[in-house]
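Because only heavy atoms are used, hydrogens play no part in the values below, and waters and symmetry mates are left out as well, while side chains stay in. The shown structure was predicted, so the numbers you read here are calculated from the model rather than taken from an experiment. All residue numbers refer to positions in the sequence shown, counting from 1.
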Amino acid sequence: MATDQAIEPLRKKIFLGIRSILLLVLVVIGLATVWLAFPWTPSKSKTLGFEGFIELPTPKLLNILDYLSLHNNVPFVTNENSGSVYRIALPPDQMPAHAVVAIMTGAPKLHHVALVASGQTAYVTRSETNSVDAFDANELHVLTAIPVAEGADSLLYDPESELIYVANGDSKLATLIDPKKRKVVATIPLGAKPEFQTFDPQTHLLYQNLEDTNAVVAIDLRGRRVIEQWALQQCEAPTGMALDDIGRNLFIVCNQNAKLIVFDLVGHRVIAALLIGGGPDSVVFDPAVHRIYTTGKSGVLTVLDHTEKTHYVVLDNIDTHFGAHTLAIDLNTHRVFLGYASVIASPRVAVFSVKP
């Protein structure tokens with residue numbers, strides 16, 4: 001009996017300690033949920049003015065906006081979790097809060113949208129069904145589903161070859177689709193996992209990042225083959241890519257070591273490397289204002305100045321929201337669109353304008 005009485009206070013201390021730890025864990029989980037769910041206003045910036053949010057409908061518990069792209073100045077954004085494509089129409093007053101959003105639903109694991117030259121038909125990748133859906137860009141309904149190799153992710157339309165190019169990450173190849181016939185006409189082995197790509201109108205080549213080998217390849221779409229490959233020094237896991245057509249550079253973000261590298265398309269070498277926000281995934285370039293914008297899963301929008309071919313300066317690091325890893329730019333208005341991930345709350349797109 002005396003022994004039990006001596007042990008009882010110890011039991012109470014252990015119970016209270018366990019309860020305190022559990023309460024602390026619950027508080028941490030609650031704060032993390034609020035932090036992820038609440039769409040924080042971006043931090044103050046000396047380079048960009050925050051205009052507001054465009055709220056997107058039909059949220060799921062978790063919403064990851066995978067790709068943002070502009071076609072004829074109209075933003076399209078995909079919700080990877082819900083499988084929805086959103087088309088955003090800005091009103092004449094251009095106020096983000098007054099935007100009209102149309103939606104097309106479908107299977108999850110939805111990724112990238114590209115339009116053909118006419119602007120009437122669009123294509124979107126769905127990796128869960130291993131397909132590319134051709135859909136009416138005005139009415140937002142699927143016209144046909146085109147089977148492709150596993151891991152369909154980013155894509156683009158090349159008006160010169162009149163082909164849809166699809167990067168298939170899991171299959172380590174590219175799929176070429178004839179948009180007139182709406183069927184696959186060829187595949188190009190890449191030997192590594194493709195990420196993002198861009199088309200160069202000067203050389204008529206497509207440049208494709210290879211994420212798992214830290215390289216970039218040049219592809220001849222008409223010849224349907226890889227013609228050359230270069231290592232990307234100082235870059236670990238290249239993801240997003242943008243082209244400086246006049247300066248003859250590629251801007252490539254590196255996911256694992258949080259860098260922007262500048263790859264010289266004439267000398268075929270890396271000529272600059274700059275630290276940017278963590279987990280970068282997207283990069284865009286506005287030649288008129290000499291600005292490069294990058295963003296990643298850490299939720300940091302980095303603004304860089306590019307006034308000379310070999311001179312680059314980080315101007316700003318803007319805190320946005322964890323998971324805000326995709327962006328696009330309107331080269332006419334110089335507006336920057338940034339997709340926010342969300343938990344519970346509605347997904348949304350933040351809109352920024354350039355400060356003088």
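Side-chain contact between Leu115 and Phe76: present, with at least one pair of heavy atoms (C-beta onward) separated by less than 4.5 Å. In this structure the side chain of Leu265 reaches within 4.5 angstrom of the side chain of Leu250, judged on heavy atoms. Here the side chains of Pro96 and Arg335 are in contact, with some heavy-atom distance below 4.5 Å. Considering only heavy atoms from C-beta on, Val124 stays 4.5 Å or farther from Val142 through its side chain. Taking 4.5 Å as the limit, some side-chain heavy atom of Leu315 sits within range of a side-chain heavy atom of Arg291. Annotation: side chain of Val116 is in contact with side chain of Tyr123 (closest heavy-atom distance under 4.5 Å). Residues Glu195 and Pro238 fail the side-chain proximity criterion, which asks for heavy atoms closer than 4.5 Å. When side chains are defined from C-beta on, Arg222 counts as touching Glu160, because their heavy atoms get closer than 4.5 Å.
No side-chain donor-acceptor contact under 3.5 Å links Thr78 to the backbone of Glu80. Side chain of Asp316 to main chain of Ile318: no donor-acceptor pair is present (N/O by atom type, distance under 3.5 Å, no hydrogens or angles). For Thr302 (side chain) and Gly277 (main-chain N/O), a donor-acceptor pair under 3.5 Å exists by modelled atom type. When atom types are taken as modelled, the side chain of Asn209 and the backbone of Thr239 share a donor-acceptor pair closer than 3.5 angstrom.
Between Phe53 and Tyr340, the gap from one ring centroid to the other is short of 6.0 Å.
Arg248 has a carboxylate O that lies under 4.0 Å from a charged side-chain N of Asp200, or vice versa, which qualifies the two as a salt bridge.
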Hey, mind stepping through Ile64 and His325 against side chain to side chain contact (heavy atoms under 4.5 Å, CB included) and telling me if it holds? CA-CA 9 Å; Ile64 298 176; His325 69 104; 3.9 Å; yes
Report the C-alpha distance between Asp245 and Gln202 in whole Å, list the side-chain angles of each, state the deciding distance to 0.1 Å, and finish with yes or no for side-chain hydrogen bond (donor to acceptor under 3.5 Å, both in side chains). CA-CA 8 Å; Asp245 189 17; Gln202 286 199 34; 3.1 Å; yes
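Relative orientation of the Phe251 and His306 rings is perpendicular, given thresholds of 30° and 60° on the angle between their planes.
For the residue pair Asp153/Tyr67, the side-chain donor-acceptor check at 3.5 Å is satisfied. Under the 3.5 Å distance criterion, with hydrogens and angles disregarded, no donor-acceptor pair is assigned to the side chains of Ser69 and His112.
For Pro189 against Leu173, the heavy-atom pair with the smallest separation is CA-CB, 4.0 Å.
Screening Asn168, Thr187, Thr125 for a side chain to side chain donor-acceptor pair (under 3.5 Å) involving Thr175 leaves a single residue, Asn168.
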